[in-house]
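Below is one structure, written out as structure tokens; comments come after it.
As the structure lists them, so they are numbered: ligands from 1, and atoms in each ligand from 1. Note that this is a predicted model, so its numbers are computed, not measured.
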Amino acid sequence: MNCLQTPYFLINKDFLDDELLKLKNALQSSWGNYIIGYSYKTNAFPWVINYFKKNGCYAEVVSDDEYNLAKSIGANKIIYNGIAKSKETFIEAVKNNSIVNIDSEYEIDWLDELEKGRYSVGIRVNFDLESKCPGQTQCGEDGERFGFCYENGELKRAIDKIQAKGIKISGLHLHKSSKTRLPDIYKAIADAAVEITDKYELNLDYVDIGGGFFGGLASKPQFIEYFSTVSAILRRNFNPKKTVLVVEPGMALIGAAVDYYTTVKDVKKTIRNMFVVTDGSRTQIDPLMTKSSYFKDIVRNGNEKRTELNRQIICGFTCMEHDRMFEVKNEQELLPNDQIIYHKVGAYTMCLSPLFIKWFPSVYVKDGPKISKVRDKWTDIEYKSRTIGDEK
Ligand SMILES: Cc1ncc(COP(=O)(O)O)c(C=O)c1O
């Protein structure tokens, strides 16, 4: 591994296989009738989306670009969510019997283009999770902005409007992004699905509980805890033989399966600190600058005698001062050519990081003992592609 040019991402295929199997087993034993939609936004790297397609997952997409990407790899099982659909792709997806969950008023207007009595759609529900799980939602008292609000009657109004156009409501989409990712969230989601279906007398083909689960971490809730909680509640109003349970994991599947390899390039001493400069960057593993710690390994190279230092600050290659990853306290000094490997960095990294100062790094896949390159480091050629005029 040491011989590969850093920085690079490494996708562990065996790990992915194990996690996906665990997820399928948990869904099979708790509900039986399920669909896994892999969340493209979490990491839409081409090898990754192809992997999930080959393994029977739907493509869960939230924009026309992601929709077209799914089609370009031959994915015909699509869940089309979000507020960035185009009219053309929306109509196409509904006509192709994709799972399409309406999230905006203008999508309801687009339904006028469709023949009455022939098609169905799902609808994204906005229910007040903060009151059910105080302190656990991302926006707290300000509330969430996606879907149609249940409590103020907007959801009912939207459902009536869709049905009046001769379009069946076939599913409810209840994805929530929480701070805690705890089973409580999914209990509230399942409760809402049961209550709404009952109150509005819906006859649903599917209940989509979204993503947002933990995965690949022994110390966190396991798949079976989420789905046994959800299934017990859904059974009050739904029959697994008739209603499909849809899940849309991203982080839970790809997060823990990816490592990021970097090398120490320089060590800089100032009167205040010891800075260890690497060829990696926080922009590539924490683009939203929210992480406070990393799963990581430090590999010190060679047999040189090293001094123990109170504090070393590990930094990235960019010219931003806050491109600092972590501190090493009371450890042997780091020297050029040492390696720092970050683990579990597959979610909201490879496909969210900016093209800032350096372009996208290489990506490798490890399958058993075999390591293959699945993307070459980007160069000025990829960076300038589709530029119009003045390309020299
Ligand atoms: C609609 C929808 N589904 C699925 C996901 C995937 O979430 P995660 O990667 O946390 O599993 C998200 C993330 O924001 C989402 O918005």
Side-chain angles (χ1 to χ4, degrees), residues 16 19-20 22-23 26-27 34-45 48-49 51-52 57-67 70 77-85 90 93 98-104 107 121-127 129 136-139 144-148 171-186 189 192-193 206-217 220-223 225-227 230 245-258 285-288 290-291 344-353:
L16 270 182
E19 286 309 299
L20 188 56
K22 272 189 217 157
L23 177 65
L27 287 162
Y34 66 88
I35 285 174
I36 299 171
Y38 171 69
S39 159
Y40 270 36
K41 71 195 80 60
T42 311
N43 186 336
F45 183 73
V48 172
I49 57 178
Y51 170 87
F52 286 111
C57 300
Y58 279 53
E60 190 268 324
V61 300
V62 290
S63 69
D64 48 352
D65 289 341
E66 285 190 348
Y67 178 86
K77 298 197 249 172
I78 295 180
I79 302 172
Y80 200 2
N81 290 330
I83 57 172
K85 304 175 183 95
F90 172 86
S98 296
I99 296 178
V100 179
N101 292 313
I102 287 192
D103 201 327
S104 304
E107 293 172 67
V121 293
I123 186 162
R124 177 130 180 211
V125 178
N126 180 315
F127 72 94
L129 183 63
Q136 296 198 47
T137 64
Q138 280 193 341
C139 299
E144 297 137 342
R145 68 190 174 104
F146 299 111
F148 293 86
L172 294 180
H173 180 216
L174 299 118
H175 172 82
K176 293 285 186 187
S177 299
S178 74
K179 286 197 278 202
T180 58
R181 296 179 180 262
L182 291 179
D184 281 11
I185 305 291
Y186 300 90
I189 287 175
Y206 66 90
V207 172
D208 182 340
I209 60 170
F213 314 101
F214 278 117
L217 294 166
K220 300 291 183 187
Q222 302 299 301
F223 292 136
E225 291 175 66
Y226 294 113
F227 305 129
V230 166
L245 176 61
V246 179
V247 294
E248 304 173 346
M251 166 89 93
L253 289 174
I254 195 67
V258 179
I285 49 171
D286 183 22
L288 300 179
T290 49
K291 289 184 186 163
K344 306 185 194 299
V345 290
Y348 306 100
T349 50
M350 291 163 63
C351 299
L352 185 56
S353 62

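- Residue His175 touches ligand 1 through its side chain alone, judged by heavy-atom distances below 4.0 Å.
- Ligand 1 has no N or O atom lying under 3.5 Å from any N or O atom of Gly210, backbone or side chain.
- The nearest protein atom to atom 6 (C) of ligand 1, hydrogens excluded, is given as Ser39 OG, 3.4 Å; this is a heavy-atom distance.
- For Tyr80 and Tyr67, the ring centers sit closer than 6.0 Å to each other.
- With hydrogens and angles left out, the side-chain atoms of Ser178 and Gln136 include no donor and acceptor closer than 3.5 Å.
- Phe146 does not count as a contact of ligand 1, since none of its heavy atoms falls under 4.0 Å from the ligand.
- One finds the CD1 atom of Ile189 at 7.5 Å from the NZ atom of Lys176 (value rounded to the nearest 0.5 Å).
- Shown in contact with Gly212 at under 4.0 Å from a heavy atom are these atoms of ligand 1, numbered in order with element: 7 (O), 8 (P), 10 (O), 11 (O).
- Counting the atoms of ligand 1 from 1 in the order shown, those under 4.0 Å from a heavy atom of Ser177 are 14 (O).
- In summary, the aromatic rings of Tyr186 and Phe213 are positioned with their centroids under 6.0 Å apart.
- Checking only distances, Met251 does come within under 3.5 Å of ligand 1, N or O to N or O.
- Set against the non-hydrogen atoms of Tyr348, the atoms of ligand 1 under 4.0 Å away are 6 (C), 7 (O), 8 (P), 9 (O), 10 (O), 13 (C), 14 (O).
- Residue Arg181 has at least one heavy-atom neighbour below 4.0 Å for each of these atoms of ligand 1: 10 (O).
- For ligand 1, none of its N or O atoms has an N or O atom of Asn81 under 3.5 Å away.
- Per-residue contacts place Thr42 under 4.0 angstrom from the following atoms of ligand 1 (heavy atoms of the residue considered): 6 (C), 9 (O).
- Between the side chains of Asn101 and Tyr206, at least one donor N or O sits under 3.5 Å from an acceptor N or O.
- Ligand 1 has no N or O atom lying under 3.5 Å from any N or O atom of Val62, backbone or side chain.
- The protein atom (non-hydrogen) at minimum distance from atom 1 (C) of ligand 1 is Glu248 OE1, 3.5 Å.
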